[in-house]
Amino acid sequence: MNASGYLLHVAASPNAEQSTSTALGRLLTEQLAHKMRNVAVVERDIGTHAPPVPSRQFAADNLLPLEQRSDNLESEILIEELEAAKALVISTPMHNFGVPAVLKAWIDQILRPQRTFARSSKGKQGLLEDRPVFIIVTCGGPVTGPYAQQDFLTPYLEYVLPTIGLSNIQVIRLDSMVRTPEHTASQIEQCKAWIAEQVANLCEVA
Ligand SMILES: Cc1cc2nc3c(=O)[nH]c(=O)nc-3n(C[C@H](O)[C@H](O)[C@H](O)COP(=O)(O)O)c2cc1C
């Protein structure tokens, strides 16, 4: 893990203070930060401040060597913010069985050839130092049981993050969050137990 840095929380819900995933992501980040001797926390709220989608210039730049690219300032800000983070927490709702558009925009800004991954004869190779990644997913409907929806979100994140070198990934999904208040409460309690487990496990490593 990096010698200096902070914890980065990328929050993808549009629901701001009403969001369950954002609230649980904050809880996890605060507890991890406390255990890591009060390291700082940076919250990147992409749910209410969306990253830009790739422009024509951005797409053209991806094909050029680094030194010939234009500034791509927003992409660089997001990449450097991630590079300096000791750990990454992503909190996100499921949107139409997959990642919310804002999270896809963030991914498009940070996955850049020759910058965060290298093209090689063995395929794409991650260029970032690995670090713990924690993902909290909230779903309105079921993702387990007989009426489960197909989940394109979790497998996608588990595939895309290792592409840039982030392979140490822990995920929890909160299921059927709009079913009943009792069910929602039980999912939140399960997530809080999972958070305690992640914090305890991190201490064993640190
Ligand atoms: C545009 C949109 C699409 C959604 N699509 C799905 C979906 O495909 N499956 C699902 O289970 N919930 C879906 N939901 C519901 C949210 O995932 C769910 O309400 C979640 O608990 C919200 O989390 P939050 O409180 O962190 O914002 C969708 C919500 C929105 C706004």
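One-based numbering, in listed order, for ligands and for the atoms of each. In what follows, every heavy atom counts, from backbone to side chain, and hydrogens, waters and symmetry copies are set aside.
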Whichever hydrophobic residues join Phe97 through chains of side-chain contacts under 4.5 Å: Phe152
Apart from Tyr147 itself, residues in the same hydrophobic cluster as defined by side-chain heavy atoms under 4.5 Å: none
Side-chain donor/acceptor of Tyr6 to backbone N/O of Glu81, under 3.5 Å: yes
Same cluster (ILVMFWY, side-chain, under 4.5 Å), Ile172 and Leu202: yes
Under 4.0 Å from ligand 1 - residues by heavy atom, chain and number: Ser13, Asn15, Ser19, Thr20, Ser21, Pro93, Met94, His95, Asn96, Phe97, Thr138, Cys139, Gly140, Gly141, Gln149, Met177
Salt bridge (charged side-chain N to carboxylate O under 4.0 Å, His left out) partners of residues 99-120, not counting sequence neighbours, each pair once: Glu76-Arg115, Glu83-Arg115, Lys104-Asp108
Beyond-backbone contact of Thr92 with Val99, side-chain heavy atoms, under 4.5 angstrom: no
